Structure formats: structure tokens, C-alpha cells
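Since we're looking at a predicted model, the values are computed, not measured.
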Amino acid sequence: MKNISNFKKIIRVFQQYGIVLTGKRKSANFYSGLHMERIFVEGLIFELEYSLNKELEESKVGSVETPEQLINYFVIK
């Protein structure tokens, strides 16, 4: 049940950034596919950390390139 709650929080944060998590958009690259700047990706990560009360490892922050990858980091942890 906690996973469902976390997924709802994740979806809500992505929606605030205008990112739809359906279809090809979930695997689109933040920088080339969604045309986001690094500062906004880092803001998205911060919002997810705050909402889920989890912290993403610093080494993973720099390597995140897709919404799907970011979600997996938070759900698997």
C-alpha cells in the first residue's frame, strides 16, 4: 500500500514539472527529449526527495537521464 502512495506522490511531482509519465515520455531523456536544463532536473529530484522523504545518492543524481530511471532509483531504494 505504501508503494501506491509513493507512486501517487511521484506522479504529482512530475505533473508539477509538466512531465507526463505515459507512453514514450517516461523514457525520454530529460535534456534532449524533454529539453530541460540541469537546474530544473535537480529541482525535480529535490521535490521528489522532499515528497518521498528519501534521499538519492549523490552519485546517482549526476547520472539520471530519464524519468523512468529516476522513478526506479526511488522505488527500488
Side-chain angles (χ1 to χ4, degrees):
M1 201 63 169
K2 184 171 167 74
N3 253 358
I4 293 172
S5 174
N6 285 343
F7 277 119
K8 286 181 180 181
K9 290 175 185 177
I10 289 170
I11 290 168
R12 195 172 307 120
V13 171
F14 273 98
Q15 285 177 342
Q16 290 174 346
Y17 279 78
I19 301 171
V20 179
L21 296 175
T22 57
K24 295 180 182 179
R25 301 293 258 172
K26 69 180 172 225
S27 59
N29 188 291
F30 283 122
Y31 309 104
S32 62
L34 299 174
H35 308 290
M36 292 179 72
E37 294 182 25
R38 179 160 295 282
I39 190 77
F40 293 111
V41 175
E42 290 175 2
L44 172 66
I45 293 169
F46 172 79
E47 291 287 336
L48 287 169
E49 288 175 335
Y50 184 77
S51 293
L52 298 171
N53 201 20
K54 293 182 179 180
E55 192 169 330
L56 189 63
E57 295 174 24
E58 195 66 36
S59 62
K60 292 181 180 178
V61 170
S63 67
V64 171
E65 293 190 0
T66 66
E68 184 176 28
Q69 187 180 28
L70 185 56
I71 292 168
N72 286 334
Y73 284 155
F74 280 109
V75 174
I76 291 173
K77 185 176 178 184

- Message: Would the distance check show the side chain of Ser63 and the main-chain N or O of Lys60 forming a donor-acceptor pair, the cut-off being under 3.5 Å?
- Response: yes
- Item | Phe40: side chain to side chain contact (heavy atoms under 4.5 Å, CB included) partners, not counting sequence neighbours | Met36, Glu37
- Please examine the side chains of Asn6 and Phe74, heavy atoms only from C-beta on, and report whether any two atoms are closer than 4.5 Å. no
- Passes side-chain contact (heavy atoms from CB on, under 4.5 Å), Leu21 versus Ile71? Steps please. CA-CA 10 Å; Leu21 296 175; Ile71 292 168; 3.8 Å; yes
- Within a reach of under 6.0 Å around CZ of Phe46, are more than 12 heavy atoms found that belong to other residues, nucleotides or ligands? no
- Query: Leu70 and side-chain contact (heavy atoms from CB on, under 4.5 Å): which partner among Val75, Val61, Leu56, Val41?
  - Reply: Leu56
- Note on the structure: Minimal heavy-atom distance between Phe14 and Pro67, with the atoms involved, is CE2-CB, 3.6 Å
- Message: Hydrophobic clustering (ILVMFWY, side-chain heavy atoms < 4.5 Å, transitive) - are Ile39 and Tyr50 grouped together?
- Response: no
- Query: How far does CD1 of Ile45 sit from CD of Glu42, to the nearest 0.5 angstrom?
  - Reply: 6.5 Å
- Message: Under the side-chain hydrogen bond (donor to acceptor under 3.5 Å, both in side chains) definition, can you give me all pairs with a residue in residues 7-29, not counting sequence neighbours?
- Response: Asn29-Glu65
- Path from Tyr31 to Tyr73 over hydrophobic side-chain contacts below 4.5 Å: yes
- Leu44 and Ile19: side-chain contact (heavy atoms from CB on, under 4.5 Å), yes or no, with the steps? CA-CA 10 Å; Leu44 172 66; Ile19 301 171; 4.2 Å; yes
